[in-house]
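First comes the structure, then the notes that go with it.
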Amino acid sequence: MDRSLDAAAFLQIWQHFDVDDNGYIDGKQLDAFFRHMLEKFGMKTEERTEEMTEEMTEDGIKGLRDRFMSAFDTAADQRLQIQELATVMLPEEENFLLLFRRETPLDNSVEFMRIWRSYDSDSSGYISATELKGFLQDLFLQHRKSITPEKLEVYTGAMMKMFDKNRDGRLDLNDLARILALKENFLLKFKMEACSQEDRKRDFEKIFAHYDVSKTGELEGPEVDGFVKDMMELVKPSISGTDLDKFRKSLMGHCDINGDGKIQKNELALCLGLKLS
């Protein structure tokens, strides 16, 4: 494989195969990708032509795909994420996407919203190129890596091209969720309208515990944000930061009965039509 790829060339390859621009390659896109890999980076010598012909069959491509995915599909979802492909195709000095890899997956919208609030510094509901640059610079500092201003500009531009899905020059909540590989909405596990009152109470306890990251018995700050984000996305999969702020204000108006800027456990239960005892 050609290890001289830079971030710009990698971006071209990625965009060629991520045709629906959803941040991953799966299904027929995966087969097309591995066929391309065999043709471009595979067996090029004359003495291996016969072997290459054999591997270019559907079974051969499936075998290559299975071997590759077992080694690099870290999420085990039969999709090839952009970070997973970057690990294989980019040399380490160019692979700034590795900065987004975590020892543990980002599986809670509370932490995600903490990050969002930190870098949406003007509270516009979007991450601008300047704010994204600050985010990347902090990532390099956290990983004890140095970066020149020129390289930071290149990486910021590359990230915008990769993840700014509607090409408006800024990132929304969904764009940042793709960058940080945020796991599936926690609330999708529950179908409260189909449950008995006891089942609803049990599910409520699980839900509240998930968002009460600080274990104080109340939701505040990014805990409220995370809950609001997941609630909204049950009915509107693509939301903006301004959408979230409007719904958050409405929720606080209904649920923050004592006006302390937090949502107590019993306050949220009452909002959801539950009586805890």
Carboxylate-amine/guanidinium contact Arg248 Asp225, below 4.0 Å:
yes

Could you go through Asp138 and Tyr119, starting from their C-alpha distance and side-chain angles, then the distance that decides it, and tell me whether this counts as side chain to side chain contact (heavy atoms under 4.5 Å, CB included)?
CA-CA 10 Å; Asp138 286 349; Tyr119 292 97; 2.8 Å; yes

Presence of salt bridge, Lys262 and Asp260, under 4.0 angstrom:
no

Distance check, rounded to the nearest 0.5 Å: Leu244 atom CG versus Met113 atom CE?
4.5 Å

Shortest non-hydrogen pair, Phe112 vs Lys229, comes out as CE2-CE, 3.5 Å

Test side chain to side chain contact (heavy atoms under 4.5 Å, CB included) applied to Lys189 and Asp203, step by step:
CA-CA 9 Å; Lys189 298 178 181 179; Asp203 288 348; over 6 Å; no

Under 30°, 30 to 60°, or over 60°: which ring-plane class applies to Tyr211 and Phe186, parallel, tilted or perpendicular?
perpendicular

Does one hydrophobic cluster hold both Ile207 and Leu188, with members joined at side-chain heavy-atom distances below 4.5 Å?
yes

CH2/Trp116 to CG/Leu173 distance, rounded to the nearest 0.5 angstrom?
4.5 Å

Are Met252 and Met232 connected in a single hydrophobic cluster, I mean Ile/Leu/Val/Met/Phe/Trp/Tyr linked by side-chain heavy atoms less than 4.5 Å apart?
yes

Of all the heavy-atom pairs spanning Lys215 and Ala209, show the shortest one and how long it is.
NZ-O, 3.0 Å

How long is the gap from CD on Glu223 to CD1 on Ile263, to the nearest 0.5 Å?
10.0 Å

If you group Ile, Leu, Val, Met, Phe, Trp and Tyr by side-chain heavy-atom gaps below 4.5 Å, do Val228 and Tyr126 land in one group?
no

Closest heavy-atom contact between Leu132 and Met159?
CD2-CB, 3.8 Å

Tell me the closest heavy-atom pair linking Leu274 and Phe204, and the distance in Å.
CD1-CB, 3.6 Å

Glu111/Arg114 salt bridge by N-O under 4.0 Å criterion:
yes

Does this structure show an ion pair linking Asp18 with Arg79, if we count only N-O contacts that are shorter than 4.0 Å?
no

Examine distances only and state if a side-chain atom of Arg200 and a backbone atom of Leu272 form a donor-acceptor pair shorter than 3.5 Å.
yes

So, Ser240 and Asp243: side-chain donor and acceptor under 3.5 Å apart, yes or no?
yes

Step by step, would you call Gln264 with Ile257 a side chain to side chain contact (heavy atoms under 4.5 Å, CB included)?
CA-CA 9 Å; Gln264 312 291 330; Ile257 298 169; over 6 Å; no

Rounding to 0.5 Å, atoms OG (Ser146) and CG (Leu141) come to a distance of 10.0 Å

Whether Asp31 and Lys28 form a salt bridge (side-chain N of Lys/Arg under 4.0 Å from carboxylate O of Asp/Glu) is what I want to check.
no

Strictly distance-based, threshold 3.5 Å: is any side-chain N or O of Asn108 a donor or acceptor partner for the main-chain N or O of His210?
yes

Evaluate the side-chain proximity of Asp122 to Asp120: yes if any heavy-atom separation is below 4.5 Å, no if none is.
yes

Between Cys255 and Leu268, the two heavy atoms sitting closest are SG-CD1, 4.4 Å

So how far is it from Asp172 CG to Asp164 CG, rounded to the nearest 0.5 Å?
8.0 Å

Salt bridge between Glu205 and Lys265, side-chain N to carboxylate O under 4.0 Å?
yes

Counting only heavy atoms not in Glu184, do more than 12 sit closer than 6.0 Å to its CD atom?
no

Do Ile115 and Phe135 have side chains that approach each other closer than 4.5 Å (heavy atoms only, starting at C-beta)?
yes

Going by heavy atoms in the side chains, are Phe163 and Leu176 under 4.5 Å from each other?
no

Is there side-chain contact between Arg170 and Ile127, with at least one heavy-atom pair below 4.5 Å?
no

Residue pair Gly217 / Asp212: nearest heavy atoms and the distance that separates them:
N-OD2, 2.9 Å

Validation row: Phe227, Leu251 side chains within 4.5 angstrom (heavy atoms):
yes

Pi-cation contact, Phe190 with Lys206 (under 6.0 Å, within 45°)
no

Could you tell me whether a side-chain N or O of Glu131 sits under 3.5 Å from a main-chain N or O of Ser121, the two making a donor and an acceptor?
yes

Once you measure the plane-to-plane angle for Tyr155 and Phe140, does it fall in the parallel (<30°), tilted (30-60°) or perpendicular (>60°) bin?
parallel

Student check: side-chain heavy atoms of Leu219 and Val110 closer than 4.5 Å
no

Pairwise distance NZ(Lys133) to CG(Leu152) - rounded to 0.5 angstrom
6.0 Å

